[in-house]
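Submitted below is the structure of interest, expressed as structure tokens.
Note that this is a predicted model, so its numbers are computed, not measured.
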Amino acid sequence: MQYFLLFGFIGAILAIGLYSFIGWLRKRNMGATWYEWLMGITGIVLLLMAIQHFFGAMSELFPFAAWMGLVIIGVPAIVLLAITWQLISRRSKQV
Amino acid sequence: MQIDFRERPDGNREVCKNKRRLNMSNYHSTFSRREFMKGLGIAGAGLGAATAVTPVFKDLDELTSSTSAHPKRAWYVKEREFGDIGIEIDWNILKRRDTRGYSYWNPVIWKQHYPAYDMDAFRKAFDNKTKELWPDYEGPTTRDYALKNSMYSVGLGCPHYLYNVEQFGVTLLNPAPRPDAIGMPKWQGTPEENSQMIRAAFSLIGLGPSIGVAELDEKSRRFVWEYNNSGQHIIFDDDITETYRTTNPPTIHIPSSHKYVIATHNMGADEILRRAPSTIGACTETISYARVAYAKSFVEQFIRGLGYNVVYGHSLQAAPAFDFWSGVGEHARMGQVCLSPENGAMMRTHAIFFTDLPLALTKPIDAGITKFCETCGICAESCPVGAVPPKGINRNWDSNCDGQSFDNDIENGGTEVMYNVPGYKGWRVDGFRCLADCNGCKGACPFNAIPDGSFIHSVVKATTSTTPLFNSFFTQMEKSMHYGKQDKDPESWWHEPSAWHVYGSNPKLLG
């Protein structure tokens with residue numbers, strides 16, 4: 001429960017972001033492909049895991065493990081999200 | 001990201017009141033009720049996804065009705081059948097032992113049995129290991145010695161306190177009266193209710209949170225020495241209800257009615273333990289004895305106050321045997337140490353109670369720990385003197401005590417008192433090398449991860465309990481992620497306020 005508020009806040013940000021993203025897609029009359037959804041959701045899940053690991057390991061008093069985990073899990077998450085973003089945004093410019 | 005609001009087609013009074021918003025309607029709009037509800041749904045999903053990765057807590061009813069040895073046992077810890085502790089036992093060999101002449105950590109008697117006993121060599125190896133683990137550590141300093149010596153003086157080195165670790169110990173001035181003495185009925189509860197009551201009471205005195213209950217039957221009685229190392233003959237007596245002892249001949253009589261065995265521990269000071277072997281590293285061990293000596297009297301008085309009887313069994317049996325038998329944890333490479341899926345090797349001085357209070361039995365467990373030890377060996381790498389069998393030495397039936405062979409067991413016609421117990425296929429520490437308060441092995445175990453921390457530990461433990469396929473990888477990751485001692489040099493403890501837990505134990509280890 002130590003990080004309930006943090007993860008509640010992250011959940012709210014995520015929900016607003018997702019809602020806005022869907023709105024943005026609709027406004028441009030666009031849809032995301034299945035693999036874009038897959039990469040995006042995988043990226044978000046990995047990002048959440050990276051954040052949980054970071055704070056979890058910090059609370060265990062293992063800062064090196066916390067930062068290492070943040071890099072090992074967080075970087076692929078960012079890469080996946082960036083690729084997804086680029087795929088969609090480039091397509092949106094073509095529309 | 002710019003948030004895009006759609007224009008409401010109908011508008012309403014609330015929107016109309018705000019002209020500015022209406023004028024800006026080409027750029028902004030308000031949510032419809034439908035969209036608002038949709039948004040709530042998505043927010044709920046987001047919250048759900050986020051909380052899914054946070055630690056899972058059981059509800060109170062589930063927690064209190066649990067009959068497993070640990071109140072928050074994870075789904076991946078499987079229960080074994082009673083009597084199956086995950087290692088092979090040869091019941092033809094494993095019998096009640098005569099430990100007269102055996103003296104662990106008693107230099108005087110030790111020298112008689114082990115001429116090569118050399119404490120100076122041990123100390124040198126100990127210091128070398130400290131330097132090897134933390135090359136930049138410049139200690140120990142005066143305060144390190146002060147901490148170590150003060151803990152020792154009130155703990156393991158204090159006869160006034162430690163005397164109570166023995167079965168009879170101190171005589172209390174105000175023993176708890178039995179129920180009939182205060183006009184109350186004897187406590188009557190179901191075994192499950194009694195187990196919950198024991199958990200509640202033990203929590204107040206520093207025992208737990210893992211509390212196993214085993215039945216003392218024909219097999220488990222063999223864990224109890226025939227003679228302890230004080231020379232007392234331990235007799236199970238059908239004709240008595242309360243324990244007593246005699247001095248000539250030296251005996252301890254335990255009522256046969258005491259068929260419930262409670263196995264628990266005092267939790268270690270984890271941040272100190274992770275800094276072993278070092279001058280301060282053994283503090284957690286030395287003080288724990290005094291804490292258990294104190295707790296022991298409380299348990300005796302509490303059970304007496306309920307109208308039942310209890311015998312404390314610190315030196316009556318092999319330390320971790322009832323831990324395995326009751327599912328507190330599993331056998332491990334460290335031999336004498338019980339490894340728990342929740343607390344790893346953090347559980348310090350063991351506390352065993354034989355009682356006639358009916359209790360719900362807890363089953364032995366399989367969390368893949370013993371299997372994990374086969375490919376790990378980090379504990380052995382942390383041992384200054386090579387007393388813990390290193391990786392590569394698999395479970396076996398041998399003594400592993402320098403110069404000793406079970407073939408020469410004095411109880412089977414040989415000439416030597418065995419320093420290890422024959423009859424099980426497992427690991428045994430070399431008792432002739434492991435000479436003093438060190439704790440190097442215990443502080444190194446990968447299962448010492450703090451519960452409710454990173455989700456990684458749950459993933460690793462769940463995988464480990466299911467398949468040993470990734471065990472080597474996990475061992476390597478433990479090292480690569482510095483989850484061991486790399487960043488825990490002894491000096492750092494003095495500068496780490498978040499490591500100064502009350503009683504030294506991280507609250508997350510305590511239940």
Problem - Nearest heavy atoms of Phe64(A) and Ser480(B), plus distance in Å - result: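 Closest approach of Phe64(A) to Ser480(B), heavy atoms only: CE2-O, 3.4 Å.
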Practice task
Report yes if some heavy atom in the side chain of Lys488(B) is under 4.5 Å from a heavy atom in the side chain of Leu61(A); otherwise report no.
Solution key: yes
Practice task
Sort out for me which of Glu496(B), Glu271(B), Met477(B) touches chain A most, counting heavy-atom pairs under 4.5 Å.
Solution key: Glu271(B)
Problem - Rounded distance [0.5 Å steps], CZ in Phe455(B) versus NE2 in His53(A) - result: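 Interatomic distance, Phe455(B) CZ to His53(A) NE2, rounded to 0.5 Å: 7.5 Å.
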Problem - Heavy-atom contact with chain B under 4.5 Å, split by part of Ile72(A) - result: side chain
Exercise for the section: Might you confirm whether atom OH of Tyr503(B) has over 12 heavy atoms from other residues, nucleotides or ligands at distances under 6.0 Å? Expected result: no
Exercise for the section: Please name the residue in the list Arg274(B), Met481(B), His482(B) that meets the side-chain contact (heavy atoms from CB on, under 4.5 Å) test with Phe62(A). Expected result: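 The side-chain contact (heavy atoms from CB on, under 4.5 Å) with Phe62(A) is passed solely by Arg274(B) among Arg274(B), Met481(B), His482(B).
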Practice task
Sort Ile73(A) into side chain, backbone, both or neither according to what part of it lies under 4.5 angstrom from a heavy atom of chain B.
Solution key: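 For Ile73(A), the side chain is the part near chain B, not the backbone.
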Handout entry: Glu60(A) side chain near His457(B) side chain, heavy-atom distance below 4.5 Å
Key =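 They are in side-chain contact.
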Handout entry: Portion of Gln486(B) that has a non-hydrogen atom of chain A nearer than 4.5 angstrom
Key = neither
Handout entry: OH/Tyr76(B): more than 12 non-hydrogen atoms of other groups inside 6.0 Å
Key =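 More than 12 heavy atoms, drawn from other residues, nucleotides or ligands, come within 6.0 Å of this atom.
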Problem - Side-chain touch Ser454(B)/Met58(A), heavy atoms, less than 4.5 angstrom - result: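 SC-SC contact between Ser454(B) and Met58(A) ruled out.
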Problem - For the student: nearest non-hydrogen atoms of Ser59(A) and Gly453(B), plus distance - result: OG-CA, 4.3 Å
Exercise for the section: Look at atom CH2 of Trp67(A) and say whether more than 12 heavy atoms of other residues, nucleotides or ligands are closer to it than 6.0 Å. Expected result: no
Handout entry: Atom CD of Glu138(B): over 12 foreign heavy atoms under 6.0 Å
Key =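 Open: at most 12 neighbouring heavy atoms sit under 6.0 Å from CD of Glu138(B).
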